[in-house]
Amino acid sequence: MSEIRFDNRVAIVTGAGAGLGKSYALEFAKRGAKVVVNDLGSALDGSGSSHNAADLVVDEIKKAGGQAAANYDSVSTVQGGENIVKTALDAFGSADILVNNAGIVRDHSLPKLTEEEWDIVLAVHLKGAYNVTRPALAAMKEKNYGRVIFTSSGVGLYGNFGQANYAAAKMGMIGFMNTLVLENAKYNIKLNAIAPNAASRMTEKILPPPLFEKLKPEHIAPIVMWLSSEQNEETGMIFNCMGGWYSRTAVMCAKGVMIGDGLKTVTAEDIQANWDAIRSLDDAKTIGSIQQSFGFVASLLSK
Ligand code: NAI
C-alpha cells in the first residue's frame, strides 16, 4: 500500500467552489497537487456568476500552504473549456488530472420541461465535459499521462422522476467516456466515472435530514483521489459512491440466445418463444468496445 500523492501534478477541478468539487480541490492540494479551482459561481439553476466561490477555495488552499489558481469561466462554452485548461498550463505548466464536476439542475417532468431547461443542463454537464476534456486531453497526450474523472449520476444510470434533462446528460457522459477510453489508451490516460450521492446545496431539499448528515462530500473525495492517482490502472469504469459505500456499476451484455443463423427468417413469435432467455441477464459481461460485441456474434454465426 503506497501513499497517494500528487506532488508535481496539476489537477483541474471544475465547479470546485462548493460542494463535492471543493472537497476534491482541498484534498488534492493537501496531497501535494497544484490545483486549478474553476467555478462560475452560479446559483443551483445555473443563473448568475461570482468570483467568490473559486477565490475562497483558492485562499483556503494557499493558507494551508498549498498551491492553487482560480478560474471563473463557464464550462458550457468551448472558449470557457479552453481557458480553464490554459489557466493550468499558464500557472503550473501542465494539466495532468481533470475532474469534470461542475453541475446545475433544472428539474421538471417532461411535459413541463422547456427547451431552455433541456439545453442549459446538457450544455453544462455534457457539452461542458466535451469543452474541458478536449483541450485537457490534448495537453495530457503530449506528456503521455493523464487521469480524467466524469461525474455521472444514478439519475442517469437508473432514472429519476422529473430529471429527464439531467439524466440524459449524465448518461451521455458515459458514452463519451467509453469512446475516449479507446482513443486514449495508448497515451497512459485513464478515464473513469463516478455516480456520487452527497450532501450539498443540490441535495439539501431532496435527501432526508438524517441521511443528509451522513452523506458527506468527504466520502466521495477518496475515490476521486484514487482514480486520479498514478497508481490507478483502471479505465472506463463507473463507480457508485455515497456515505462510505463504493460499488462498481456497468453497462453489461448477457449471453443471450442465438435463434437465427444470419440467413433464416426470425419471426416475432420466435422472439416471444425465447423471451425468457433474451431478457435474462445470466452470464452478463462488460464489453470493451463495439468491435468486441460484433466479434462475439460473428463467432456464433461462423459455427
Ligand atoms: P453544487 O451545486 O454544490 O456545486 C456545483 C458547483 O458547480 C457550484 O459551485 C457551481 O457554481 C459550479 N458551476 C455550475 N455551473 C457551472 C459552469 N457552467 N461552469 C463552472 N462551474 C459551474 O453541487 P454538487 O452536489 O457539489 O455537485 C457536483 C457534481 O456532482 C455535479 O456535476 C452534480 O451533478 C454531481 N452529482 C451530485 C450529487 C449529489 O448527491 N450531490 C449526485 C449525483 C451527481
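What you see is a predicted model; the values in this text were computed from it and never measured. Counting convention: from 1, in listed order, for ligands and their atoms alike.
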Provide the full list of side chain to side chain donor-acceptor pair (under 3.5 Å) pairs with a residue in residues 197-217, sequence neighbours left out, each pair given once. none
Neighbour count above 12 (heavy atom, 6.0 Å) for Asn8 CG: no
For ligand 1, list the protein residues that place a heavy atom within a distance below 4.0 Å of one of its atoms, sorted by chain and number. Gly15, Ala18, Gly19, Leu20, Asn38, Asp39, Leu40, Gly41, Ser42, Leu44, Asp73, Ser74, Val75, Asn101, Ala102, Gly103, Ile104, Val124, His125, Thr151, Ser152, Ser153, Tyr166, Lys170, Pro196, Asn197, Ala198, Ser200, Arg201, Met202, Thr203
Salt bridge (charged side-chain N to carboxylate O under 4.0 Å, His left out) filter on Glu3, not counting sequence neighbours, yields none
Checking side chain to side chain donor-acceptor pair (under 3.5 Å) against Asn240, which of Tyr246, Trp245, Tyr158 comes through? Tyr158
Taking only residues two or more places apart in sequence, or in another chain, which ones meet His51 in a ring-ring contact (aromatic ring centres under 6.0 Å, His included)? Tyr72
How about CD on Gln292, more than 12 heavy atoms from neighbouring residues, nucleotides or ligands closer than 6.0 Å, or not? yes
